[in-house]
Structures are given as structure tokens and as C-alpha cells.
There are 2 protein chains.
Amino acid sequence: MSVPHLSESTEMYLKAMVELSGTEAVMIGRLAERLNVTPVSANEMVRRLGEQGLVSHKPYKGVTLTEKGNEVACNVIRRQRLWECFLYDHLKIEWSQVYEFACSLEHATAPQVTEALANFLGNPQTCPRGNPIPDKNGSFIPLDGILLSEAKVGDTVTILAVNATATDVLKYLQEKNILPGQKMTVLEAAPLQGPLMLKVGSKEVALGLSLAEFVIVKSNR
Amino acid sequence: MSVPHLSESTEMYLKAMVELSGTEAVMIGRLAERLNVTPVSANEMVRRLGEQGLVSHKPYKGVTLTEKGNEVACNVIRRQRLWECFLYDHLKIEWSQVYEFACSLEHATAPQVTEALANFLGNPQTCPRGNPIPDKNGSFIPLDGILLSEAKVGDTVTILAVNATATDVLKYLQEKNILPGQKMTVLEAAPLQGPLMLKVGSKEVALGLSLAEFVIVKSNR
DNA sequence: TGGAATAATAAGGTCAACCATAACATTTGG
DNA sequence: CCAAATGTTATGGTTGACCTTATTATTCCA
């Protein structure tokens, strides 16, 4: 490899940035939260990433990926999501566990293996959670949807993607049948940031707002 | 996992011990050589492994795996060789590169993924290099063969396995067509630890003794 | 049997990625 | 507009897995 080899930690930070924000600035606190480290540690790491030219950090304004950082991040995400496809479609690993296992594998995957895997899988466009898989060059079409937490009462929507990463969260959503492709109706939104009442299939489901933020949906017209 | 998680380094040491010796004691120098670290580092690491009850080290006599250590090692080897099968048979990765890529993946593979992979592959018995794949419990039938370096002039042998791990060595052997299943005849053994002259297919090949030690063969009666 | 080769131990150092605690800066909402 | 929340910086600590240099111990064979 010509790339000096980026650490697993580096890859996790860059990936988290894309997963948290797309291209907008991410506050260090959010990053720290997602990566389960203290804000102080995240700050340190962001400084290191800045020194490597992978991110730029405006104090109190958040962190953004540089072009280089974005390229690396998309590459990591590509690897991750390809492995998700393999684990789910071929190894029959449970949906809620796929992300976690793919995450370990992604850091151990050379470019050559990534491309061979993509080829083996038939160059899939989305992962089992519904997210698009970046192409070799790191570009991908963002999903055309809104957060379920922003849907209006009465809306009938189709789930495009589930953006959660924690296995327990995924497991919970899986149990409630909140999965890509599923149709559902927003029955009610409780006040004071309360849960959403949803009709999923034949069942009524109460879903906390913070969980609803993980779900990307498309309004059926 | 109930296992406290063993580091990648730990896994590499344990695996190297099996690859170097089967079950006999390994001198620290050999270990250090194989793992590309200094003997001092290997010594330190062996002490740590000893503290964890994975190896036992008799000064000046070498290191042996404990039962626990052997179990872990066989498990690592299982993962490694299953990935070798996948990379070779399904991803069509070049033979000489398969070991190296599988080695990265092995450390990132949870037991559940290992078993799902074994199942997907149809529980293969040998890896592309010809080595047996330990079963779930870590047991496997050792190859019934001798080192090519110990074969006698005039012998016609079939290659059972190639035990090299370095990609450049594997590449060299691949170019000479020294691959599992291949038949060949020992034409001559040069004196003073000199190379073997082999007839491989229609070609004559000179192979250094140290390379011949990587090749396990079975005499055709 | 003595010396070369090999092995072990000691002491001190580096590096990445974390941690905690504490002080200080900025932003933002009530 | 000010205080709480959030973010930043400083300082010092830990851990794993390496490193070097130097000294001492053991083995083994010529």
C-alpha cells in the first residue's frame, strides 16, 4: 500500500463523522459520545487528525472532514457496507449483528480485497440497513428522505434506511419490525419530545424520538 | 464473548508457535525471527503470555503452548484458513496473497462469524496452501508427510502443503509451480546444504534448502 | 573443556490512544 | 445579559507492544 496505513482509531473517527453529519461540522461532544470516549480524548484525537490533514477543527464550531478525510471515510464506509452485505446475504448473520461484525472486518480489509468482495457481491448499491454503498471513488447518492422524527402525524412512510449502529438499538428496532422497506403510518406524536405512535404492519409501536432520528423515511407522496 | 479478548499480537504469537513447531518447544529466537521482532521483545511478550497461562517458558529450553494456549492458537488458525478458502475460492485472490490478507481478517473475526463462514464454505478440510483446517474444537489431523528438504534423491513425491507465510516466498513458489497437489521428482541434492534440483512438470527447478523446508510432501510409495 | 553462539535479564525509551481532574473560554437560551 | 451548558486546554497518568544497549547465563560442539 502506498497509503501510510491509518490506524483503526483514525478510521473510526472519520467514519463516525460521515455517519453523524454527512458533510456538516460535528461537535466534538457528539463525536466523543458516538465513539464512547471522553470529550478530552476526542479533542486530542481530532488534533492528531488535523495534523494529518484529515479534518479541520474550528474551536467551538465543530469538526469537518477535509477532502482527503472524506475520501478515506467513504472508503471505510464502502468496506464496512460491503461486509454487511456479505455477512447478511451469504453468511446469514442476524440483521442486528451485521453492523458490529462488519465494523471489525472493515479495518482489516485491503483495497484489493474490497474490490474483489464488491465484485463477488455484484456491486450492491445498498447495505442491509438501507444505506448507499460508496463506489470505488468514494462517491454515492445520498438518500432522498427525511428523519422519521421529522415526519408529520398522519404521514404514511416507507423506511429507506436505519442509521443506528449500536447492536442493542438495532436489535430493538428489528423486534419492532422497523426495517428498510417497511411501510408505516405516524399515528401520533406525544408532546414534550415524547414518543411517536406508529402503525407498523398490524401492530402499534411507540418509538422514542431519539430512536426515530435513526430512521430515514420517504413520505408516500 | 466470554473470552477477555486477546490482542492481535497475542494471537500472532500463539499462531506462530503452532506454525513453527506443532507441539514441540520453540526457541525464542525462532519466534522473534518469524514475527519480525527482536528477541528481547519476543522474550517480554512470552513472559506476558506466560502470565496469562497461554504458554510455558523454560529458559534455554524454549516455549511450549499450554492446553489453553493451544486451543486459542488452533482457533486462530481455523479462522485464518477459512478466510484463505474464501479469498481464494470465492474472491479469486491470487494464491500467493491469500495468506497475507487472511491474516489481517482473522483477528477481526468473532466466533459466530467464523462458524457462519465455515458453514458457507461447506466446512472445508484444507486451505489453499494444503494445510488442514482445525475443527470447531481445535482438533485436526496433522499431515502425513515429510519435509521436501528431507526427501531423497530419486524420490517422486506429491506436494501436500506449502507452509510458507511470507507473500514473496509464496509468490516465488507459485512461479515455480510448487503448489499443493503437484507431483515432482528430486533429481539431485547439491552438497553443503546446497539447493535441490527438482523436476516439476516438464521443468527443472533449483530450490534452496530453506525453501524446501516449507514444502510438505508425500512420497509416491 | 573452553569459547562461540545463543538466550535471558536489566534498564530505560518511544508511541498511540486512551483516562481523570481541573481551569478556562465560548455559546446560547431564558 | 448572565448563567448554565458545552467546548477547550493543560497536566499528568496508564497500558501494550515495541525498541536499544548492555550484562550475564547457558548450551553445545570442535
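What you see below is based on every heavy atom in this structure, not just the backbone, and it leaves out hydrogens, waters and symmetry mates. A, B, ... follow the sequence lines: proteins, then strands. Residue 1 opens every chain.
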Holding to side-chain hydrogen bond (donor to acceptor under 3.5 Å, both in side chains), I want the full list of residues that pass it with [X], two or more places apart in sequence or in another chain.
X        : value
B/Glu100 : B/Thr167
A/Tyr99  : A/Lys15, A/Glu19
A/Ser210 : none

*Which letter, B, S or -, goes with each nucleotide of nucleotides 19-28 of chain C from 5' to 3', with contact meaning a protein heavy atom under 4.0 Å?*
BBB---BSS-
Check salt bridge (charged side-chain N to carboxylate O under 4.0 Å, His left out) between [X] and all other residues, then give those that pass, not counting sequence neighbours.
X        : value
B/Glu51  : B/Arg47
A/Glu115 : A/Arg78
B/Lys218 : B/Asp144
B/Glu94  : none

*Run the salt-bridge test on A/Arg79 and A/Glu84 with the 4.0 Å N-O cut-off and return the result as yes or no.*
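Looking at A/Glu84 together with A/Arg79, the answer is no, because their closest N to O distance does not fall below 4.0 Å.
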Can you tell me how far [atom2] of [N] sits from [atom1] of [X], to the nearest Å?
X        : N      : atom1 : atom2 : value
B/Ile28  : C/dA5  : CD1   : C1'   : 16 Å
A/His107 : C/dA17 : NE2   : P     : 12 Å
B/His57  : C/dT6  : NE2   : C1'   : 12 Å

*Using both pair distances under 3.5 Å as the test, note the stems of at least 3 consecutive Watson-Crick or G-U pairs that include DNA chain D.*
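The stems are C:1-30 with D:1-30.
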*asked:* If you compare every side-chain N and O of A/Tyr13 against the phosphate oxygens of C/dA16 (OP1, OP2), does one of them come in below 4.0 Å?
replied: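 Checking A/Tyr13 against C/dA16: no side-chain N or O falls below 4.0 Å of OP1 or OP2.
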*When you check the phosphate oxygens OP1 and OP2 of C/dA17, does a side-chain N or O of A/Arg48 lie under 4.0 Å from one of them?*
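Checking A/Arg48 against C/dA17: at least one side-chain N or O falls below 4.0 Å of OP1 or OP2.
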*When the ring planes of B/His90 and A/Phe120 are compared, do they come out parallel, tilted or perpendicular, using 30° and 60° as the limits?*
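Perpendicular: the ring planes of B/His90 and A/Phe120 meet at over 60°.
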*asked:* What is the first contacted nucleotide of DNA chain D and what is the last, in 5' to 3' order, if contact means an atom lying under 4.0 angstrom from a heavy atom of chain B?
replied: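 The footprint of chain B covers D/dA17 to D/dT27.
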_Pairwise side chain to side chain donor-acceptor pair (under 3.5 Å) hits with a residue in residues 57-71 of chain A, at least two apart_ =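 Sorted result for residues 57-71 of chain A: A/Ser56-A/Thr64.
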Could you go through residues 35-45 of chain A and list every donor-acceptor pair under 3.5 Å that involves a side-chain atom there, pairing it with any protein atom two or more places apart or in another chain?
unit_1  : atom_1 : unit_2  : atom_2 : d
A/Thr38 : OG1    : A/Ser41 : N      : 3.2
A/Thr38 : OG1    : A/Ser41 : OG     : 2.9

